[in-house]
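Just follow the structure's listing: the first ligand is 1, and inside any ligand the first atom is 1. Here the structure is a predicted model, which is why all the values come from computation and not from measurement.
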Amino acid sequence: MNVNGTTKVYGLIGNPVEHTLSPLIHAYLAERLNMNMTYVPFCVKDNLNSGVRGARALGIHGLNITVPYKNLVIPILEEIDELALEIGAVNTLVPVQNGYKGYNTDMSGLKRAMESEGIILNGKTVVILGAGGAARAVAFLLAKEEAAKIYILNRTFEKAKVIADHVNRFLEKEVAIPLLLSEYKSLPSSYIAIQASSVGLNESETAIIEEEDFYKGVEVGYDLVYKPFVTKFMKYVEAQGKQAFNGLKMLVYQGIDAFELWNDCTVPHDLAEDLCRMLEKTVVNHE
Ligand code: ATR
């Protein structure tokens, strides 16, 4: 594309940003939808506040926020979406009158990615593995989607309990139950499993739970990790004859949701699927 006087500029703020796939996502959407825009990663080492305010002053049309700033950006925002506030993490900024409004499209993206595979969360029993920032966000998505029961399994019980207590307070009923990983035997007989820990990231030999018995109860497995493309968790699920998905579609749909918020448009389903295939090829070729 050629940058000219009417090119809209979008960006990503994080540290590091070198390996981000977001520019590919937005360049692909812009080209297919014939939009004059560009998307630039900005490595912000400190001075997040100046970075965000400077971006607004420069008229940057939209920002993504990544590690380590998804929580730290919140006090800088002019407005915040209700779900993003509960989750406590923001990854997308949309310009409003005197600043930006923050959203969490990681979670709306996860929802869309799961729905595109026919996975509906409403009324379901769901097991979250892990209790870090990603798991916390998933727990609130499940609360919003009115999952029937949310089990949060973690190596450190206290962290699972903090998230479960927060979700239960938010819902004003006992929907979330914290457990140690080793307590998986007390789970009901069937559940959707979402792998939201960092175990298995960038290595294919480990899963957060290695016992086969846990996987016998998994109806469908979803790993937020997509590097490696097929994780050990996914292999365990597939060994039980069940479907398992990686986190690449979630990444694609968080980008699509951000793109739609910025441009007030709807990305057609076929284009979204083309984008998933393009990104899949890119990721697999880099393995
Ligand atoms: P993120 O914000 O990306 O979710 P995080 O906050 O560092 O990352 O959380 C990582 C999650 O992976 C945690 O649930 C962590 O368990 P603890 O809370 O017990 O630390 C989990 N995790 C990381 N390494 C693990 C391991 N070797 N075994 C089990 N769980 C592990």
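- Atom 23 (C) of ligand 1 has Ser198 OG, 3.4 Å as its closest protein atom, hydrogens excluded (heavy atom only).
- Ring planes of Phe170 and Phe140: perpendicular class, angle over 60° (limits at 30 and 60°).
- Summarising the contacts of atom 31 (C) of ligand 1 with Asn154, Asn71, Val199, Ile208, the nearest heavy atom is found in Val199.
- Below 3.5 Å of separation, one finds an N or O of Ala134 facing an N or O of ligand 1.
- Of the protein's heavy atoms, none falls inside 4.0 Å of atom 7 (O) of ligand 1.
- Considering only non-hydrogen atoms, atom 17 (P) of ligand 1 lies nearest to Thr156 out of Thr156, Ile163, Leu129.
- Looking from atom 28 (N) of ligand 1 to the surrounding protein, the closest heavy atom is Arg155 NH1, 3.6 Å.
- Near Gly133, with a cut-off below 4.0 Å to any heavy atom, the atoms of ligand 1 are 1 (P), 2 (O), 4 (O), 6 (O).
- For Gly130, no nitrogen or oxygen atom sits less than 3.5 Å from a nitrogen or oxygen atom of ligand 1, counting backbone and side chain alike.
- Separation of atoms CG (Leu251) and NZ (Lys227) is listed at 9.5 Å; rounding is to 0.5 Å.
- At a cut-off of 3.5 Å, with distance as the only test, a side-chain donor of Asn4 or Thr7 sits close to an acceptor on the other residue.
- Summary of contacts: the protein heavy atom closest to atom 5 (P) of ligand 1 is Gly132 CA, 4.0 Å.
- Between Tyr215 and Tyr184, the distance from one ring center to the other does not fall under 6.0 angstrom.
- A salt bridge links Asp165 with Lys161; the closest basic N to acidic carboxylate O contact falls under 4.0 Å.
- Considering only non-hydrogen protein atoms, atom 21 (C) of ligand 1 sits nearest to Ser197 CB, 3.9 Å.
- The structure places NE2 of His269 at 10.0 Å from CZ of Arg112, a figure rounded to the nearest 0.5 Å.
- Proximity to Lys159 (heavy-atom distance under 4.0 Å) selects the following atoms of ligand 1: 17 (P), 18 (O), 20 (O).
- Using a cutoff of 4.0 Å between basic side-chain nitrogens and carboxylate oxygens, Lys232 and Glu210 are scored as salt-bridged.
- When each of Asn64, Thr92, Asp257 is tested with Thr105 by the rule side chain to side chain donor-acceptor pair (under 3.5 Å), just one qualifies, namely Thr92.
- Between Ala131 and ligand 1, at least one pair of N/O atoms sits closer than 3.5 Å.
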